[in-house]
There are 2 protein chains.
Amino acid sequence: MATLQKSIDKRNALIKATIELVNNNGFHATPMSKIAKMANVSPATIYLYFENKQDLVNKTYIDVKAQYTNYAFETYSSDMSVERGFEVIWKRIADFKLNASENAMFLAQCDNTPIIDEPILQEGIKHLQPLLDLWERGKKEGLIKNMSNYLLYAYAINPLSFLMMAQKRGAFQLDASQLEDAYQLAWSSIKNN
Amino acid sequence: MATLQKSIDKRNALIKATIELVNNNGFHATPMSKIAKMANVSPATIYLYFENKQDLVNKTYIDVKAQYTNYAFETYSSDMSVERGFEVIWKRIADFKLNASENAMFLAQCDNTPIIDEPILQEGIKHLQPLLDLWERGKKEGLIKNMSNYLLYAYAINPLSFLMMAQKRGAFQLDASQLEDAYQLAWSSIKNN
DNA sequence: ACAACAAAAATGAATGTTCATTCTTTTTTT
DNA sequence: AAAAAAAGAATGAACATTCATTTTTGTTGT
């Protein structure tokens with residue numbers, strides 16, 4: 001028990017260090033030795049928890065992606081109306097991307113580079129299913145435009161990634177009223193009228 | 001003349017190889033030796049054209065970004081109406097992202113990772129000025145929502161990057177009618193009504 | 001038009017470093 | 001005291017960059 005606890009702490013520290021170093025320096029400039037140092041661990045110890053560097057970064061991705069989708073759907077339930085359900089999910093996603101931005105940034109990096117093995121990437125997509133189901137329901141009810149889910153995602157959700165990155169770079173700051181603007185843009189882009 | 005021509009060819013071959021290898025393998029897994037081989041050149045020759053690896057990738061970014069913005073604004077002129085001007089620019093950008101997708105993918109990777117030096121990244125942004133100017137004009141005329149340009153960009157332009165990546169992954173195919181849908185989503189998200 | 005040569009461009013092989021991973025030993029836990 | 005976990009040092013491969021030569025190009029004098 002105590003021993004397992006300790007192990008999980010160490011694993012988490014390694015994952016946290018990986019995220020931080022990859023965010024700041026890029027995958028190409030984060031050696032195992034630095035990850036170990038930041039996690040207060042010997043390099044050799046990493047190999048007790050992960051097979052190799054690729055496995056470490058894959059597992060980190062899985063971990064962060066799971067946090068993301070858990071957070072996104074935590075307050076949603078499938079008996080909500082389509083409009084209300086979308087609002088709930090959208091705002092949770094916005095919250096995650098803008099506040100847990102270390103995590104969100106790591107995901108953005110993984111989703112735009114070939115550092116994660118393809119099967120792992122596929123795995124991560126599946127967790128978005130509740131949102132896709134909601135959209136299908138919305139289309140049947142005639143509330144949501146009858147378009148490919150990729151298009152809906154591109155316009156309703158993905159802009160948040162761009163805004164998160166811009167904010168991270170310090171280019172601008174998204175305040176509460178702008179966030180409300182953004183939500184209106186998102187909803188009005190996918191809703192039927 | 002003939003000699004300069006030859007040099008430019010070699011430089012272009014190096015840049016092309018860099019794009020292709022970074023796209024497929026990531027920056028961390030594209031050694032100078034592979035770039036050289038793909039460009040049919042000795043590794044040492046790269047250093048006649050570029051200071052070092054960082055300089056090579058920076059210059060590649062500048063090069064591709066210039067191609068992108070040149071293409072985007074080629075058919076636009078500032079005496080067009082706001083709506084027409086936006087349509088012209090949007091469609092050129094869509095065309096570039098979906099057809100010159102090797103180039104677009106490289107930019108997406110650079111924009112979401114710390115592989116490019118920050119000052120170089122800043123430089124690249126400036127070229128979008130004509131679009132920002134158009135938006136300012138549109139706001140004054142009351143045609144475009146009075147929101148931060150970052151928000152407008154996030155909803156009107158950035159979704160194309162996501163769609164390009166999805167298409168690159170083979171996840172789905174954007175046909176002509178969907179592209180028209182996408183344009184409608186983009187315009188309706190930023191226009192006043 | 002062309003030989004001879006200087007300058008520039010290009011090369012393949014070396015250099016030295018960095019890094020992922022493994023090995024052996026030590027420390028901690030049971 | 002045995003087993004498990006962790007550590008630091010060692011290993012060997014990969015890599016960016018440089019070096020010493022060779023090849024190509026351009027120029028000059030005939």
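To find a chain, count down the sequence lines: A is the first, B the second, and so on, and within it residues start at 1.
Residue A:Leu14 contributes atom CG, which lies 14 Å from atom P of C:dA20 at whole-angstrom precision. D:dA16 atom P lies 10 Å from atom NZ of B:Lys34, rounded to whole Å. Summarising the geometry, the separation between NZ on A:Lys37 and C1' on D:dG8 is reported as 12 Å, rounded to the nearest angstrom. Nucleotide D:dC15 holds its P atom 12 Å from the CG atom of B:Leu21, rounded to whole Å. Whole-Å rounding puts the B:Asn52 CG to C:dG16 P distance at 20 Å. Rounded to whole Å, the distance from CD1 on A:Ile46 to P on D:dA5 is 17 Å. For the pair B:Phe27 CZ and D:dC15 P, the interatomic distance rounds to 13 Å; values are reported in whole Å. The NZ-C1' distance, from B:Lys53 to D:dT17, rounds to 12 Å in whole Å.
Contact annotation: A:Lys10 side-chain N/O to D:dA6 OP1/OP2 distance is under 4.0 Å. For A:Ser33, no side-chain nitrogen or oxygen approaches OP1 or OP2 of C:dC19 to under 4.0 Å. Here B:Thr45 reaches the OP1 or OP2 of C:dT11: one of its side-chain N or O atoms lies under 4.0 Å away.
Counting only N and O atoms by type, the side chains of B:Lys97 and B:Ser161 include a donor and acceptor under 3.5 Å apart.
Residue B:Tyr47 has its side chain nearest to D:dA16 when only C:dC23, D:dA16, C:dA10 are considered. Comparing C:dG12, D:dG8, D:dA16 against the side chain of A:Ala44 picks out D:dG8 as the nearest. With D:dA6, C:dT11, C:dA20 as the candidates, the nucleotide lying closest to the side chain of A:Pro31 is C:dA20. The side chain of A:Leu48 approaches D:dA6 more closely than any other nucleotide in the set D:dA6, C:dA10, D:dA16. Distances from the side chain of A:Val41 to the nucleotides C:dT11, D:dA7, D:dT17 place D:dA7 closest.
If you look at A:Tyr153 and B:Phe162, their ring centroids are closer than 6.0 Å.
Using a 4.0 Å cut-off between charged nitrogen and carboxylate oxygen, B:Lys140 and B:Glu136 do not count as a salt-bridge pair. Salt-bridge check for A:Glu87 with A:Arg92: failed, with every basic side-chain N at 4.0 Å or more from each acidic carboxylate O. Ion pairing of A:Lys59 with A:Asp55 is present here, as a side-chain N (NZ or NE/NH1/NH2) and a carboxylate O approach within less than 4.0 Å.
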